[in-house]
Amino acid sequence: MKEKIRKLAREKNAIILAHNYEPPEIQDLADLCGDSLELSIKASKTDADIIVFCGVHFMAETAKILSPDKKVLLPNPDAGCPMADMVTPEALLKRKEELSGIPVVTYVNSTAAVKAISDVCCTSANVVKIVRSLDAKEVLMTPDKNLAQYAAKHTDKKIHLWEGYCPFHNDMKKEDALKAREKFPGAILIAHPECPPETLEIADEIASTSGMITIARNSDKKEFIIATETGHIYPLKNACPDKIFHIASEKIYCRDMKKITPEMVLHSLETGFGEVDVPEDIRIKALGSVQKMLSAS
Ligand code: 13P
Ligand code: SF4
């Protein structure tokens, strides 16, 4: 199956991108696996005709925002992000009016329509840099309240929160992380900034998914506890086969990130199924927020 997909991708000049949380069999057939920032950068630079995005809907949408002339395929159009749905353009416009004029920083885990009415996007890898780069004392951050509190702690800005969260990372309780610490004494605890503040407080390191790989690779320590989606253990082990990784909580399992199968990738490549489109007026406005993020990253 892998060979068949790779051959067809070559013939069609398609690039296959996969997020670090995707199942191993998907990561194994991708041209590039990475975090949201790396995948956005790759989507903005590729000269492929087709981008097959193995991730969730907002990621494919971001690729389309950056590459309007390319065909962007999401092999299972059902793969979404519950956090992205926690902010609507209507609700954001209302909040913007209440907070008259302060800049809006929107996590890439959001719809194109929400990006279109934001000032700048961010990912978990660049959030602190992006917030610091703004010439304003106060900002509104959407939709992740945990990422926003993390940014508030590492910048001197007053940050207005949005009540959104990743239902899985938000469930990463400090007690569970402490239990993992007890079970694996001496292991380094690395947490994703989508986790609640009290969990981040006890972490040794806080990083995006690819940031975690870099930390593990460069560390002289051998054992790590990982507080993010369970699928991330696979790319960590691939990158550092001589190190040991434990998941902090089996509860962080994102069903949407497991919705794409190799069969679906093949079908999508063969038929063009799952094409993602963004209305041009929204795309142009959303592009401004995404490009501002990329040039500040
Ligand atoms: P990163 O890979 O950018 O850290 O993102 C995590 C995530 O939740 C993607 O949905
Ligand atoms: Fe969305 Fe959380 Fe799944 Fe990432 S892990 S796609 S933030 S629900």
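Worth saying up front: this structure is predicted, and the values here are computed from it rather than measured. We count ligands from 1, going down the list as the structure has it; atoms in each ligand are counted the same way.
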(Q) Treating K243 as the side-chain partner and S219 as the backbone partner, does any N or O pair qualify as donor plus acceptor under 3.5 Å? (A) yes
**Q.** Same apolar cluster (I L V M F W Y, side chains within < 4.5 Å links), M172/L178
**A.** no
Taking 4.0 angstrom as the limit and counting only heavy atoms of [X], give me the atoms of ligand 1 inside it, by number and element.
X: M59; answer: 9 (C), 10 (O)
X: M257; answer: 10 (O)
X: S208; answer: 4 (O)

Does the distance from a Lys or Arg side-chain N to an Asp or Glu carboxylate O, for [X] and [Y], drop under 4.0 Å?
X: R6; Y: D31; answer: yes
X: E182; Y: K179; answer: no
X: K173; Y: D171; answer: yes

Q: Report the part of N109 (side chain from C-beta onward, or backbone N, CA, C, O) that has a heavy atom under 4.0 Å from ligand 1; answer both or neither where that applies.
A: side chain
Q: Classify the contact between S124 and ligand 1 as side chain, backbone, both or neither, using a heavy-atom distance cut-off of under 4.0 Å.
A: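 Side chain only; the backbone of S124 stays clear of ligand 1.
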Q) Does the side chain of D35 come under 3.5 Å of the side chain of S124 through a donor N or O and an acceptor N or O? A)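 Side-chain D/A pair, D35 to S124: absent.
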Q. Do Y234 and D28 get their side chains close enough for a donor-acceptor pair, meaning under 3.5 Å?
A. yes
Q: Under 2.8 Å from atom 2 (Fe) of ligand 2, which protein N, O or S atoms are there? Could you list them by chain and number?
A: C166 SG
Q.
Is H19 close enough to touch ligand 1? Criterion: a residue heavy atom under 4.0 Å from a ligand atom.
A.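 Per 4.0 Å heavy-atom rule, H19 contacts ligand 1.
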(Q) Please tell me whether H154 and Y150 form a close aromatic pair, meaning their ring centres lie under 6.0 Å apart. (A) yes
**Q.** Closest candidate by heavy atom, reference atom 2 (O) of ligand 1, pool T123, I252, T209
**A.** T209
(Q) Counting only heavy atoms, tell me which of H192, E38, E194, M83 gets closest to atom 4 (O) of ligand 1. (A)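 Heavy atom nearest to atom 4 (O) of ligand 1 belongs to H192.
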Q) Hey, is ligand 1 close enough to S36 that some N/O pair sits below 3.5 Å? A) yes
Q.
Once you measure the plane-to-plane angle for H192 and H169, does it fall in the parallel (<30°), tilted (30-60°) or perpendicular (>60°) bin?
A.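 Tilted, since the angle between the ring planes falls between 30° and 60°.
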What donor-acceptor contacts under 3.5 angstrom involve side-chain atoms of residues 135-143, with partners at least two apart or in another chain?
residue: E138; atom: OE1; partner: H160; partner atom: NE2; Å: 2.7
residue: T142; atom: OG1; partner: T106; partner atom: OG1; Å: 2.7

